[in-house]
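Start at 1 with the first residue, then count along the sequence.
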Amino acid sequence: MVTAMLFAGGVGRRMKSDDLPKQFLKVAGKPIIIRTIGHFEKHPEVDDIVIACKEEWIDYLNELIEKYEIKKVRAVVAGGENGYQSIHNGVVETAKVATNPDDIILICDGVRPMLSESLITNCINDTKKYGTAVPVTPSIDSLLYSEDGENCGKSYKRSSMYVTQAPQGYTMEKILWAHAEAEKRGITNPVSSSELFIELGHDVHLFIGERTNIKVTTPEDMDALRASFFYKHFKMFAEEEFNRSDI
C-alpha cells in the first residue's frame, strides 16, 4: 500500500496573505492544495491520501475535496504547532490504515502543485528498494555559512550540496521508528523528515528530483508558478493554432 500524507498547516506569512493560508491561494482558477492533491489522486500506484490541515480550515478543505471530486482522501486531521507536529499527526493517522511495515508513506507539503507523475513513481520505486527516498536537486549556487548573516568564514563545496524536495518516501516501519525515537530524545521540530533521520544518525537515500517541482513559499514563488502555467497554456494554444493553419 502507498499512502500520500500531505501537510498543509501554513498561514502564509512569507506570502503576505494572512487572511488566506498560502495552500488555498488560486493559480489558474484552482487552489494550490487541490493541484497538489490532484497529482497523487491521479497516480495509479497511490492508494490513499491523508492530510494534516490547520484545524480551523479543515471544513473548508473538505468542501474543496468534495467540490473537485477527490476520491482517495482517507482522512483530514488537525495539524500541530509546527510542521513536524503536523507531519506527526498525519503519520499517526496513516498508521491506522497502512499496517504493513513495508507499506509506503509519501510525505509532501501541500504547496507543490507542479509535481510530475514520474517523480512520484521514482520516489515509490526507490522507497521500495532502499526504505527511504528523498528527491534533491544539485545546488547551482555557491554556498556560504554565516551565524549572523553579516560575517562569513566558511564556504561549502558546491558539487557536494543538494536542495531537498518532496515527496519524501519512507516505509512505515522506518517512519514510525523515527517518530518514536524523536519523542524519546526530545526532538520536537526537525526541518524535515530527512533531517530527522540524519539527526537520529541514519542515512537517507537520495535521488535526483526536478527543478520544476516548485514549493510555493514566497510571492516570487507564486509569480514563477503563474508564469509557468501561463507559458504552458500559451504553448498549447499556439500549437493548436499552428495545427489548424495551412502553413
Any chance you could lay out the side chain to side chain contact (heavy atoms under 4.5 Å, CB included) test for I187 and Y84, step after step, and finish with the verdict? CA-CA 10 Å; I187 300 172; Y84 173 71; 6.0 Å; no

Stepwise, does the side chain to side chain contact (heavy atoms under 4.5 Å, CB included) test hold for K67 with I34? CA-CA 10 Å; K67 175 182 177 180; I34 293 299; over 6 Å; no

Could you walk me through whether E195 and T164 pass the side chain to side chain donor-acceptor pair (under 3.5 Å) test, one step at a time? CA-CA 10 Å; E195 293 196 27; T164 58; 5.5 Å; no

Before you tell me yes or no, could you show the steps for I124 and H43 under side chain to side chain contact (heavy atoms under 4.5 Å, CB included), namely the whole-Å CA-CA distance, both residues' side-chain angles and the distance that decides it to 0.1 Å? CA-CA 11 Å; I124 293 170; H43 198 283; 4.0 Å; yes

Evaluate R185 against E181 for salt bridge (Lys or Arg N to Asp or Glu O under 4.0 Å), listing each step before the verdict. CA-CA 6 Å; R185 301 189 193 185; E181 198 67 18; 3.2 Å; yes

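Looking at I32, V111, I33 one by one, the single match for side-chain contact (heavy atoms from CB on, under 4.5 Å) with K22 turns out to be V111. Just one of I65, V77, I70 meets the side-chain contact (heavy atoms from CB on, under 4.5 Å) condition when paired with I51; it is I65. Between Q168 and the options T132, V134, V204, I105, a side-chain contact (heavy atoms from CB on, under 4.5 Å) holds for only V134.
For the atom pair CG of D109 and CD of Q165, the computed distance is 10.0 Å after rounding to the nearest 0.5 Å. Separation of atoms CD1 (I208) and CG (L119) is listed at 11.0 Å; rounding is to 0.5 Å. Here the NZ atom belonging to K54 is positioned 10.5 Å from the CZ atom belonging to F24, to the nearest 0.5 angstrom. Residue L143 holds its CG atom at 9.0 Å from CZ of R158, rounded to the nearest 0.5 Å. One distance of note links CD of E56 with CG of D59; it measures 10.5 Å at 0.5 Å rounding. Note that the CG atom of L106 and the CD atom of E45 stand 9.5 Å from one another [nearest 0.5 Å].
L20 and Y68 fall within a single hydrophobic cluster, where Ile, Leu, Val, Met, Phe, Trp and Tyr side chains are chained together by heavy-atom contacts under 4.5 Å. Taken together through direct or relayed side-chain contacts under 4.5 Å among Ile, Leu, Val, Met, Phe, Trp and Tyr, I107 and V163 form parts of separate hydrophobic clusters. Residues V92 and L196 do not share a hydrophobic cluster, clusters being chains of Ile/Leu/Val/Met/Phe/Trp/Tyr side chains in contact below 4.5 Å.
Checked by atom type and distance alone, the side chain of K215 never pairs as donor or acceptor with a backbone atom of A166 at under 3.5 Å. Using modelled atom types, no side-chain atom of D47 and backbone atom of T3 make a donor-acceptor pair closer than 3.5 Å. Checking side-chain atoms of Q23 against main-chain N and O of A8 turns up a donor-acceptor pair under 3.5 Å. Looking only at distances, a side-chain donor or acceptor of R35 sits under 3.5 Å from a matching main-chain atom of V27. Looking at R112, its side chain does come within 3.5 Å of a backbone N or O of N213 through a donor-acceptor pair. Looking only at distances, no side-chain donor or acceptor of T137 sits under 3.5 Å from a matching main-chain atom of E210.
A donor-acceptor contact closer than 3.5 angstrom is absent between the side chains of T171 and E173. A donor-acceptor pair shorter than 3.5 Å can be found between the side chains of Y145 and E147. D221 and T218 share a donor-acceptor pair across their side chains, judged by distance under 3.5 Å alone.
Counting all heavy atoms, side chain and backbone alike, E69 lies closest to E41 at O-OE2, 4.2 Å. Annotation for N89 and A78: closest pair ND2-O, 2.9 Å, computed over non-hydrogen atoms. Heavy-atom minimum distance, C53 versus V76: CB-CG1, 4.1 Å. The two atoms that bring D48 and M1 nearest to each other are OD2-CE, 3.6 Å, heavy atoms only. The two residues M5 and T94 make their nearest non-hydrogen contact at CG-OG1, 3.6 Å. Of all heavy-atom pairs between S86 and F7, the closest is CB-CB, 4.2 Å.
For Y130 and F207, the gap between ring centers reaches or exceeds 6.0 Å. Residues F197 and H205 place their aromatic rings such that the two centres sit no closer than 6.0 Å.
With a 4.5 Å cut-off on side-chain heavy atoms, P167 and F40 count as touching. Side chains of N122 and P135 form no contact here, defined as non-hydrogen atoms less than 4.5 Å apart. Side-chain contact between M172 and P101 is absent, with no heavy-atom pair separated by less than 4.5 Å. Between V136 and S194, every side-chain heavy-atom pair lies at or beyond the 4.5 Å cut-off.
More than 12 non-hydrogen atoms from other residues, nucleotides or ligands lie less than 6.0 angstrom from CG of D223.
Using bins of under 30°, 30° to 60° and over 60° for the plane-to-plane angle, the ring pair H88/H179 lands in the parallel bin.
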